[in-house]
Amino acid sequence: MPELPEVETVARGLREVLPGRRILSVRLEKTDFIDDPAAVERELPGCRIAAVRRFGKFLLLDLDRSTGGGDAQFSLQVHLGMTGQILTCAPEALVAPHTHVFFTLDDGRELRYTDIRRFGRIRILENGARENVLREFGLDPLEAEEKEFRARIRSRRARIKALLLDQHVLRGIGNIYTDESLWRARIHPKRLGVKLKDVELHRLFRTIQQVLNEAIRLRGSSVSDYLDANGERGEFQLRHRVYMREGKKCFRCSAMIRRVIVAGRSSYFCPHCQLAPRQTRRRK
DNA sequence: CTTACGGCCTGGGTGC
DNA sequence: TGCACCCAGGCCGTAA
(Lines give C-alpha, C1' and ligand atoms only; values in the text may rest on other atoms or scores of the structure.)
Protein backbone atom coordinates (compact mmCIF):
# COMPACT_ATOMS: atom_id res chain seq x y z
CA MET A 1 0.00 0.00 0.00
CA PRO A 2 1.55 3.23 -1.05
CA GLU A 3 2.28 5.40 1.98
CA LEU A 4 4.78 8.21 2.31
CA PRO A 5 7.95 6.22 1.44
CA GLU A 6 6.34 4.52 -1.55
CA VAL A 7 4.85 7.75 -2.90
CA GLU A 8 8.18 9.51 -2.34
CA THR A 9 9.93 6.77 -4.32
CA VAL A 10 7.44 7.03 -7.16
CA ALA A 11 7.75 10.84 -7.16
CA ARG A 12 11.54 10.60 -7.40
CA GLY A 13 11.26 8.18 -10.28
CA LEU A 14 8.82 10.35 -12.18
CA ARG A 15 10.96 13.41 -11.51
CA GLU A 16 13.69 11.82 -13.60
CA VAL A 17 11.54 11.77 -16.72
CA LEU A 18 8.48 14.02 -16.50
CA PRO A 19 9.50 17.64 -15.83
CA GLY A 20 9.61 19.57 -19.09
CA ARG A 21 7.53 16.99 -20.97
CA ARG A 22 4.32 18.00 -22.69
CA ILE A 23 1.15 15.92 -22.60
CA LEU A 24 -0.04 15.37 -26.16
CA SER A 25 -3.17 13.34 -25.58
CA VAL A 26 -5.22 11.62 -22.92
CA ARG A 27 -7.06 8.31 -23.11
CA LEU A 28 -9.26 7.04 -20.29
CA GLU A 29 -10.78 3.61 -19.75
CA LYS A 30 -12.76 3.26 -16.51
CA THR A 31 -13.23 6.67 -14.91
CA ASP A 32 -15.21 6.13 -11.69
CA PHE A 33 -12.14 7.02 -9.61
CA ILE A 34 -11.62 10.33 -11.42
CA ASP A 35 -13.46 13.35 -10.03
CA ASP A 36 -14.15 14.98 -13.38
CA PRO A 37 -12.97 12.78 -16.25
CA ALA A 38 -14.24 15.21 -18.89
CA ALA A 39 -12.08 17.95 -17.39
CA VAL A 40 -9.03 15.68 -17.45
CA GLU A 41 -9.61 14.93 -21.15
CA ARG A 42 -10.22 18.60 -21.90
CA GLU A 43 -7.59 20.34 -19.79
CA LEU A 44 -4.50 18.15 -19.95
CA PRO A 45 -3.65 17.86 -23.64
CA GLY A 46 -1.12 20.53 -24.53
CA CYS A 47 0.00 21.08 -20.95
CA ARG A 48 3.63 21.04 -19.92
CA ILE A 49 4.59 19.13 -16.78
CA ALA A 50 6.46 21.70 -14.68
CA ALA A 51 7.16 19.62 -11.59
CA VAL A 52 6.40 16.42 -9.73
CA ARG A 53 5.80 16.70 -6.01
CA ARG A 54 4.73 14.52 -3.11
CA PHE A 55 2.27 15.90 -0.59
CA GLY A 56 1.48 13.37 2.12
CA LYS A 57 0.33 10.32 0.17
CA PHE A 58 -0.55 12.46 -2.84
CA LEU A 59 1.42 12.78 -6.01
CA LEU A 60 1.09 16.22 -7.57
CA LEU A 61 1.88 16.87 -11.20
CA ASP A 62 2.17 20.65 -11.57
CA LEU A 63 0.97 21.61 -15.02
CA ASP A 64 1.42 24.68 -17.23
CA ARG A 65 -1.25 25.62 -19.71
CA SER A 66 1.18 27.75 -21.69
CA THR A 67 -1.32 28.72 -24.40
CA GLY A 68 -0.04 32.20 -25.07
CA GLY A 69 -2.17 34.20 -22.64
CA GLY A 70 -1.75 33.65 -18.92
CA ASP A 71 0.54 31.10 -17.35
CA ALA A 72 -2.34 29.53 -15.46
CA GLN A 73 -1.09 26.74 -13.25
CA PHE A 74 -2.93 23.77 -11.93
CA SER A 75 -2.08 20.35 -10.59
CA LEU A 76 -3.16 16.82 -11.22
CA GLN A 77 -3.57 15.18 -7.83
CA VAL A 78 -3.07 11.42 -7.80
CA HIS A 79 -3.76 9.22 -4.78
CA LEU A 80 -2.61 5.67 -5.40
CA GLY A 81 -5.05 4.12 -2.93
CA MET A 82 -3.98 0.58 -2.22
CA THR A 83 -3.13 -0.79 -5.62
CA GLY A 84 -2.43 2.25 -7.79
CA GLN A 85 0.67 2.28 -9.98
CA ILE A 86 1.92 5.06 -12.22
CA LEU A 87 4.78 4.62 -14.63
CA THR A 88 6.16 5.61 -17.99
CA CYS A 89 6.84 3.13 -20.76
CA ALA A 90 7.02 2.80 -24.53
CA PRO A 91 3.58 3.07 -26.16
CA GLU A 92 3.96 -0.40 -27.62
CA ALA A 93 4.68 -1.94 -24.21
CA LEU A 94 2.19 -4.58 -23.09
CA VAL A 95 -0.74 -2.97 -21.28
CA ALA A 96 -1.09 -4.33 -17.76
CA PRO A 97 -4.61 -5.39 -16.76
CA HIS A 98 -6.63 -2.64 -15.01
CA THR A 99 -4.76 0.18 -16.72
CA HIS A 100 -7.25 3.03 -16.97
CA VAL A 101 -5.33 6.20 -17.80
CA PHE A 102 -2.90 6.80 -20.68
CA PHE A 103 -1.07 10.08 -21.32
CA THR A 104 0.93 10.38 -24.54
CA LEU A 105 4.07 12.46 -23.95
CA ASP A 106 6.04 14.59 -26.40
CA ASP A 107 9.13 12.40 -26.10
CA GLY A 108 7.24 9.49 -27.59
CA ARG A 109 6.70 7.74 -24.29
CA GLU A 110 3.48 7.07 -22.43
CA LEU A 111 2.49 7.70 -18.81
CA ARG A 112 0.07 5.06 -17.55
CA TYR A 113 -2.02 4.67 -14.41
CA THR A 114 -2.98 1.14 -13.36
CA ASP A 115 -5.20 0.37 -10.36
CA ILE A 116 -6.63 -3.08 -9.72
CA ARG A 117 -9.07 -2.05 -6.98
CA ARG A 118 -9.62 1.53 -8.08
CA PHE A 119 -9.40 2.78 -4.49
CA GLY A 120 -7.07 5.46 -5.83
CA ARG A 121 -8.33 8.91 -6.81
CA ILE A 122 -7.39 11.39 -9.50
CA ARG A 123 -8.52 14.97 -9.62
CA ILE A 124 -7.63 18.36 -10.97
CA LEU A 125 -6.70 21.03 -8.47
CA GLU A 126 -7.00 24.50 -9.93
CA ASN A 127 -4.57 27.14 -8.78
CA GLY A 128 -6.90 28.87 -6.32
CA ALA A 129 -8.49 25.77 -4.83
CA ARG A 130 -5.22 23.90 -4.48
CA GLU A 131 -3.83 25.75 -1.49
CA ASN A 132 -7.16 25.53 0.34
CA VAL A 133 -7.35 21.80 -0.21
CA LEU A 134 -3.78 21.13 0.85
CA ARG A 135 -4.08 23.35 3.91
CA GLU A 136 -6.53 20.85 5.42
CA PHE A 137 -3.77 18.32 5.90
CA GLY A 138 -1.44 17.87 8.84
CA LEU A 139 2.32 18.08 9.20
CA ASP A 140 4.75 16.27 6.97
CA PRO A 141 6.40 13.95 9.50
CA LEU A 142 9.83 14.44 7.90
CA GLU A 143 9.61 18.24 7.97
CA ALA A 144 7.84 18.76 11.29
CA GLU A 145 9.50 20.15 14.39
CA GLU A 146 9.26 17.95 17.45
CA LYS A 147 7.37 20.70 19.27
CA GLU A 148 4.69 20.83 16.59
CA PHE A 149 4.46 17.05 16.57
CA ARG A 150 3.92 16.96 20.34
CA ALA A 151 1.25 19.64 20.13
CA ARG A 152 -0.61 17.82 17.37
CA ILE A 153 -0.60 14.49 19.17
CA ARG A 154 -1.87 16.08 22.34
CA SER A 155 -4.49 18.20 20.64
CA ARG A 156 -7.08 15.44 20.60
CA ARG A 157 -8.12 12.70 22.94
CA ALA A 158 -7.74 9.70 20.65
CA ARG A 159 -5.64 6.59 20.51
CA ILE A 160 -2.12 7.08 19.22
CA LYS A 161 -2.77 4.70 16.34
CA ALA A 162 -5.80 6.72 15.21
CA LEU A 163 -3.82 9.96 15.50
CA LEU A 164 -0.90 8.70 13.43
CA LEU A 165 -3.25 7.42 10.72
CA ASP A 166 -5.21 10.67 10.60
CA GLN A 167 -3.95 12.60 7.57
CA HIS A 168 -5.14 15.83 9.20
CA VAL A 169 -2.74 15.32 12.11
CA LEU A 170 0.27 14.06 10.17
CA ARG A 171 0.21 13.53 6.43
CA GLY A 172 1.62 10.47 4.69
CA ILE A 173 1.68 7.77 7.36
CA GLY A 174 -0.45 4.67 6.82
CA ASN A 175 -1.00 1.34 8.53
CA ILE A 176 2.40 -0.23 7.88
CA TYR A 177 4.54 2.66 9.08
CA THR A 178 2.30 3.32 12.07
CA ASP A 179 2.73 -0.22 13.35
CA GLU A 180 6.44 -0.36 12.59
CA SER A 181 7.05 2.98 14.34
CA LEU A 182 4.99 2.09 17.41
CA TRP A 183 6.84 -1.20 17.77
CA ARG A 184 10.24 0.47 17.55
CA ALA A 185 9.14 3.14 20.03
CA ARG A 186 7.57 0.47 22.27
CA ILE A 187 4.22 2.16 22.44
CA HIS A 188 0.95 0.22 22.40
CA PRO A 189 -1.42 1.32 19.60
CA LYS A 190 -4.32 1.76 22.03
CA ARG A 191 -2.52 4.27 24.25
CA LEU A 192 -4.17 7.69 24.26
CA GLY A 193 -2.04 10.34 22.58
CA VAL A 194 -2.61 12.83 25.41
CA LYS A 195 -1.31 10.35 27.94
CA LEU A 196 2.06 9.75 26.31
CA LYS A 197 4.95 11.08 28.34
CA ASP A 198 7.43 13.58 26.92
CA VAL A 199 10.10 10.92 26.69
CA GLU A 200 7.75 8.60 24.80
CA LEU A 201 6.70 11.30 22.36
CA HIS A 202 10.33 12.20 21.80
CA ARG A 203 11.13 8.55 21.08
CA LEU A 204 8.11 8.20 18.80
CA PHE A 205 8.95 11.32 16.82
CA ARG A 206 12.52 10.22 16.22
CA THR A 207 11.40 6.69 15.42
CA ILE A 208 8.84 7.76 12.83
CA GLN A 209 11.46 9.80 10.99
CA GLN A 210 13.97 6.97 11.23
CA VAL A 211 11.49 4.39 9.90
CA LEU A 212 10.31 6.61 7.05
CA ASN A 213 13.84 7.56 6.01
CA GLU A 214 14.97 3.96 6.12
CA ALA A 215 11.95 2.92 4.06
CA ILE A 216 12.63 5.64 1.49
CA ARG A 217 16.24 4.46 1.28
CA LEU A 218 14.96 0.94 0.52
CA ARG A 219 12.44 2.30 -1.99
CA GLY A 220 9.34 1.42 0.02
CA SER A 221 7.58 -1.76 1.06
CA SER A 222 6.32 -4.18 -1.57
CA VAL A 223 3.83 -6.33 0.32
CA SER A 224 1.57 -7.28 -2.56
CA ASP A 225 1.17 -4.91 -5.48
CA TYR A 226 3.41 -1.93 -4.90
CA LEU A 227 5.87 -1.11 -7.69
CA ASP A 228 7.71 2.17 -8.20
CA ALA A 229 7.73 4.37 -11.31
CA ASN A 230 10.25 2.02 -12.92
CA GLY A 231 8.12 -1.02 -12.19
CA GLU A 232 10.49 -2.23 -9.48
CA ARG A 233 9.73 -3.60 -6.02
CA GLY A 234 10.87 -1.96 -2.81
CA GLU A 235 12.76 -3.78 -0.08
CA PHE A 236 11.59 -2.32 3.21
CA GLN A 237 9.20 -5.27 3.70
CA LEU A 238 12.34 -7.24 4.60
CA ARG A 239 12.75 -4.93 7.61
CA HIS A 240 9.19 -5.19 8.86
CA ARG A 241 9.19 -6.21 12.51
CA VAL A 242 5.46 -6.52 13.24
CA TYR A 243 3.36 -5.76 10.18
CA MET A 244 1.66 -8.98 8.99
CA ARG A 245 3.63 -11.02 11.52
CA GLU A 246 0.75 -12.21 13.70
CA GLY A 247 1.73 -15.34 15.62
CA LYS A 248 5.43 -14.94 14.85
CA LYS A 249 8.11 -14.12 17.38
CA CYS A 250 8.97 -10.55 18.33
CA PHE A 251 12.45 -9.67 17.03
CA ARG A 252 13.31 -8.15 20.43
CA CYS A 253 11.82 -10.44 23.04
CA SER A 254 10.45 -13.52 21.21
CA ALA A 255 6.94 -12.96 22.53
CA MET A 256 4.14 -13.75 20.07
CA ILE A 257 3.14 -10.83 17.84
CA ARG A 258 -0.58 -10.15 18.08
CA ARG A 259 -3.15 -8.54 15.84
CA VAL A 260 -6.02 -6.40 17.11
CA ILE A 261 -8.32 -3.91 15.44
CA VAL A 262 -7.58 -0.32 16.43
CA ALA A 263 -9.12 2.65 14.67
CA GLY A 264 -10.77 0.13 12.35
CA ARG A 265 -7.43 -1.15 11.14
CA SER A 266 -5.47 -4.35 11.66
CA SER A 267 -2.81 -3.46 14.18
CA TYR A 268 0.21 -5.64 14.84
CA PHE A 269 2.16 -5.27 18.06
CA CYS A 270 4.21 -7.13 20.63
CA PRO A 271 2.22 -7.52 23.87
CA HIS A 272 5.45 -7.75 25.86
CA CYS A 273 7.38 -4.77 24.42
CA GLN A 274 4.32 -2.57 23.94
CA LEU A 275 2.38 -2.52 27.18
CA ALA A 276 -1.37 -2.00 26.92
CA PRO A 277 -2.86 1.01 28.67
CA ARG A 278 -4.62 0.25 31.92
CA GLN A 279 -8.17 -0.83 31.18
CA THR A 280 -10.83 1.57 32.33
CA ARG A 281 -12.19 -0.18 35.36
CA ARG A 282 -15.38 -2.03 34.66
CA ARG A 283 -18.43 -1.44 36.85
CA LYS A 284 -19.96 -4.37 38.59
C1' DC B 1 -18.63 19.10 21.15
C1' DT B 2 -15.71 14.79 20.76
C1' DT B 3 -14.44 10.06 19.30
C1' DA B 4 -15.92 5.23 17.86
C1' DC B 5 -17.81 2.30 14.68
C1' DG B 6 -19.94 0.19 10.65
C1' DG B 7 -20.78 0.27 5.79
C1' DC B 8 -19.37 1.19 1.20
C1' DC B 9 -16.41 0.96 -2.95
C1' DT B 10 -13.48 -3.32 -5.76
C1' DG B 11 -11.36 -7.67 -6.87
C1' DG B 12 -7.47 -11.04 -5.65
C1' DG B 13 -6.42 -14.55 -2.47
C1' DT B 14 -7.89 -18.10 0.56
C1' DG B 15 -10.18 -22.03 2.13
C1' DC B 16 -13.89 -25.23 1.98
C1' DT C 1 -13.61 -26.81 -10.34
C1' DG C 2 -16.45 -23.33 -8.19
C1' DC C 3 -17.78 -19.95 -4.97
C1' DA C 4 -18.60 -17.42 -0.61
C1' DC C 5 -16.00 -14.72 2.26
C1' DC C 6 -12.38 -11.64 3.98
C1' DC C 7 -9.69 -7.65 3.69
C1' DA C 8 -7.48 -3.32 2.29
C1' DG C 9 -7.74 2.95 2.91
C1' DG C 10 -10.50 6.80 2.92
C1' DC C 11 -14.78 8.73 3.55
C1' DC C 12 -19.20 9.43 5.45
C1' DG C 13 -23.28 8.83 8.31
C1' DT C 14 -24.72 7.64 12.76
C1' DA C 15 -24.22 6.27 17.63
C1' DA C 16 -22.55 7.16 22.18
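All values derive from a computational prediction rather than experimental measurement. Labels below follow one simple rule: chain letters A, B, ... track the order of the sequence lines, proteins then strands, and each chain is numbered from 1.
Using a cutoff of 4.0 Å between basic side-chain nitrogens and carboxylate oxygens, Arg65(A) and Glu126(A) are scored as salt-bridged.
An OP1 or OP2 oxygen of dT3(B) is reached within less than 4.0 angstrom by no side-chain nitrogen or oxygen of Arg159(A). Regarding contacts with the backbone of dG11(B), a side-chain N or O of Lys30(A) is found under 4.0 angstrom from either OP1 or OP2. Not one side-chain nitrogen or oxygen of Arg117(A) sits closer than 4.0 Å to the OP1 or OP2 atom of dG9(C). The phosphate of dC1(B) (OP1 or OP2) has no side-chain N or O of Arg156(A) nearer than 4.0 angstrom. Residue His79(A) places at least one side-chain N or O closer than 4.0 Å to OP1 or OP2 of dG10(C). Note on Thr83(A): every side-chain N or O is 4.0 Å or more away from OP1 and OP2 of dG12(B). Taking only side-chain nitrogens and oxygens, His98(A) never comes nearer than 4.0 Å to OP1 or OP2 of dT10(B).
Atom-to-atom, CZ of Arg265(A) to P of dC11(C) comes out at 11 Å; the value is rounded to the nearest Å. The separation between Glu246(A) atom CD and dC7(C) atom C1' is 13 Å, rounded to whole Å. Atom NE2 of His168(A) is separated from atom P of dT3(B) by 13 Å (rounded to the nearest Å). Atoms CG (Leu192(A)) and C1' (dT2(B)) sit 13 Å apart, rounded to a whole Å. One can place CZ of Phe33(A) at 17 Å from P of dG10(C), the figure rounded to the nearest angstrom. Distance CD1 (Ile176(A)) to P (dA8(C)): 11 Å, rounded to an integer number of Å. The distance from atom CE of Met82(A) to atom P of dG10(C) is 10 Å, rounded to the nearest whole Å. At whole-Å resolution of the value, CZ in Arg157(A) and P in dC1(B) are 19 Å apart.
Between Tyr243(A) and His240(A), the ring center distance clears the sub-6.0 Å criterion. Ring centroid separation for the pair Tyr226(A) and Phe236(A) does not come in under the 6.0 Å cut-off.
The residue Arg171(A) sits apart from the nucleic acid: no heavy atom pair falls under 4.0 Å.
Counting only heavy atoms from C-beta on, Ile116(A) has its side chain closest to dG11(B) among dG11(B), dA8(C), dA4(B). Checked against dA8(C), dG10(C), dT10(B), the side chain of Ser266(A) finds its nearest nucleotide in dA8(C).
Take the nearest nucleotide of DNA chain C for Ile261(A) and for Phe137(A): the residue whose nucleotide is more 5' is Ile261(A).
For Phe119(A) and dA8(C), the ring-to-base geometry does not satisfy the stacking test (centroid distance below 5.5 Å, interplanar angle below 30°).
In this structure, Arg171(A) is not positioned above the aromatic face of Phe137(A) in the sense of NZ or CZ being under 6.0 Å from the six-membered ring centre and within 45° of the axis.
Not a single donor-acceptor contact under 3.5 angstrom links the side-chain atoms of Arg121(A) to the base of dG9(C).
Of the options Leu165(A), Asp166(A), Ile173(A), a side chain to side chain contact (heavy atoms under 4.5 Å, CB included) to Val169(A) is made by Asp166(A) and by none of the others.
Defined by atom type and a distance below 3.5 Å, a donor-acceptor pair is present between the side-chain atoms of Asp64(A) and Gln73(A).
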